[in-house]
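Okay, so here's the structure we're looking at.
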Amino acid sequence: MNVFAKTIGFSLGLTLVFTSVTQLLPQVEGEAPVERKVDLGSLTMDDFVAMGEDLFMNKGTCTLCHKPAPLGRAPDIQGMDMVSISAKRLADERYQGEAKDAAGYILESMLEPSKFVVAGWGKKGSNDTVSPMPHIDKPPIQLSAMEIDAVIAYLQAKDGNEVTVSLPSPEAAAEVAAAAPAAGGAAPAPAVTAEEALGKYACSSCHAMDSEDVLVGPGLGTIGARLSEAGIRQSIVDPAAVIVEGFPPAMPPDFAEKMTVKELQMIVTFLAEKK
Ligand code: HEC
Ligand code: HEC
């Protein structure tokens, strides 16, 4: 009996529930989150690849920037075979990183994006030496090492390449399962401060908040001196209404549906005070 109870406890401990609703970009209210259960004890490479795809589309926020032109703000890596592209990058005379193979290059792109900046995609004015891509292991995105491996597995597998990252060990999997949200995958709670709301919607992936440095979008360090509260509100809820000169229309158009009224108000007030 005891052994039976223990076994049950153990296999529950290895069940990771993850949802495609992300911390950062919650779905429209009322739309049921797609929930996927993965038993990490019997995780197959196909499961791991599927998990990587889900992370790429959702929690990782990769598709905020990596999508086809003209909307993409980064190479369209879903439309590229990243394994053969990686070989090209490693052979590029500008390459100064430490990666030795495709998995290493993809990993380095996520952890230290400025090690190699794809020509034409660098931060404005940096002459392709500084990448506008956020560090994927740091807030606000903050994928775990296991999640990052899953994304690499997905990028290798999607074009039929051999997957070279290993499946997580049962110990690593158990740790993640322990930290995973309780079953049921509740939608992320509304943010209670403006800073929290800016993190939740990944604004700082594209905007410097304390300076006028250009990332993907303009710096917002003194936005309150440039725009009225109404103007700031409009640029969030209806970004297509006014496109800042010299920038692509890359701001996600659906914040209005995703934010609570209070979150929007907190962000607008916070930004209006930045002068
Ligand atoms: C805020 C925009 C942004 C987000 C979000 C983002 N990236 Fe990037 N990424 C870029 C830009 C811009 C480049 C090209 C410049 C460079 O080489 O760093 C890039 C480059 C890359 C490259 C190298 C591509 C090549 O052709 O060599 C990989 C791989 C990559 N990103 C993976 C990811 C993954 C995986 C995620 C999500 C976990 C992600 N990126 C999220 C902007 C972004
Ligand atoms: C994928 C990148 C991206 C994300 C994420 C993003 N923005 Fe933007 N944002 C842009 C770009 C590009 C522009 C400039 C083009 C335009 O006007 O739409 C912009 C413009 C703006 C402007 C107008 C700036 C000016 O100088 O007039 C404000 C304000 C702003 N964003 C706020 C936000 C807030 C708040 C969030 C999070 C809720 C956010 N953005 C998320 C890319 C992004």
Side-chain angles (χ1 to χ4, degrees), residues 24-25 52 55-67 71-78 80 82 85-86 88-90 92 94-95 102 105-123 126 128-137 140-143 147-148 150-152 154-155 194 197-207 209 212 214-227 231-253 255-256 258-259 263-264 266-268 270-272 274:
L24 302 172
L25 299 169
L55 288 162
F56 190 91
M57 306 295 179
N58 295 291
K59 182 176 173 195
T61 72
C62 316
T63 47
L64 269 184
C65 302
H66 291 284
K67 56 187 166 199
L71 281 184
R73 286 310 305 139
D76 176 23
I77 57 186
Q78 276 177 292
M80 295 157 43
M82 267 320 295
I85 294 287
S86 296
K88 271 199 203 132
R89 306 295 187 226
L90 295 178
D92 192 300
R94 290 193 303 121
Y95 183 73
Y105 175 73
I106 297 171
L107 177 68
E108 193 172 72
S109 300
M110 285 191 260
L111 301 187
E112 297 183 75
S114 295
K115 275 275 165 93
F116 180 79
V117 180
V118 181
W121 290 107
K123 237 162 111 169
S126 79
D128 288 342
T129 57
V130 183
S131 174
M133 172 155 153
H135 293 237
I136 299 303
D137 58 332
I141 301 174
Q142 210 166 23
L143 297 190
E147 290 173 325
I148 286 176
V151 171
I152 297 173
Y154 160 63
L155 291 179
L198 292 167
K200 179 174 169 188
Y201 296 102
C203 314
S204 50
S205 290
C206 296
H207 294 288
M209 289 295 164
E212 291 302 301
V214 171
L215 301 178
V216 173
L220 301 181
T222 57
I223 182 71
R226 245 186 350 266
L227 290 183
I232 294 173
R233 178 183 300 273
Q234 183 186 47
S235 48
I236 299 169
V237 302
D238 186 13
V242 182
I243 303 293
V244 184
E245 209 186 317
F247 288 91
M251 182 134 156
F255 284 128
K258 289 174 169 163
M259 286 183 186
E263 285 173 334
L264 176 62
M266 284 189 303
I267 291 178
V268 170
F270 178 84
L271 292 179
K274 288 189 169 286

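Counting starts at 1 for both ligands and their atoms, in listed order. Reckoned from all heavy atoms, side chains included, excluding hydrogens, waters and symmetry mates. Quantities reported herein were computed from a predicted structural model and do not represent experimental measurements.
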- [ ] Would you mind running through ligand 1 and noting each atom that sits below 4.0 Å from a heavy atom of M80?
- [x] 26 (O)
Open item on the list: Test of understanding: given a 4.0 Å heavy-atom threshold, classify the contact between T61 and ligand 1 as side chain, backbone, both, or neither.
Closed with: both
Task: Part of I77 with heavy atoms under 4.0 Å of ligand 1, whether side chain, backbone, both or neither - done: side chain
Open item on the list: Below 4.0 Å, non-hydrogen atoms only: which portion of S86 touches ligand 1? Side chain, backbone, both or neither.
Closed with: neither
Task: Structural part of C62 in contact with ligand 1, heavy atom criterion under 4.0 angstrom - done: both
Task: Closest to atom 9 (N) of ligand 1 among M133, M57, E112 (heavy-atom distance) - done: M133
Open item on the list: Side chain or backbone, does F116 bring an N or O within less than 3.5 Å of an N or O on ligand 1?
Closed with: yes
- [ ] For S205 and ligand 2, answer yes if some heavy atom of the residue is under 4.0 Å from a ligand atom, otherwise no.
- [x] no
- [ ] Would you kindly specify which portion of H66 sits under 4.0 Å from ligand 1, judged on non-hydrogen atoms: side chain, backbone, both or neither?
- [x] side chain
- [ ] For atom 8 (Fe) of ligand 2, report each protein N, O or S atom nearer than 2.8 Å, sorted by chain and then by residue number.
- [x] H207 NE2, M251 SD
Open item on the list: Considering both backbone and side-chain atoms of R73, is one of its nitrogen or oxygen atoms within less than 3.5 Å of a nitrogen or oxygen in ligand 1?
Closed with: no
Open item on the list: Taking distance alone, with N or O pairs closer than 3.5 Å, would you say W121 contacts ligand 1?
Closed with: no
Task: Backbone or side-chain N/O/S of M110 under 2.8 Å of atom 8 (Fe) of ligand 1 - done: no
TODO: Examine I223 against ligand 2 and note whether any of their N/O atoms are separated by less than 3.5 Å.
DONE: no
- [ ] Could you tell me whether some N/O pair between V118 and ligand 1 is separated by less than 3.5 angstrom?
- [x] yes
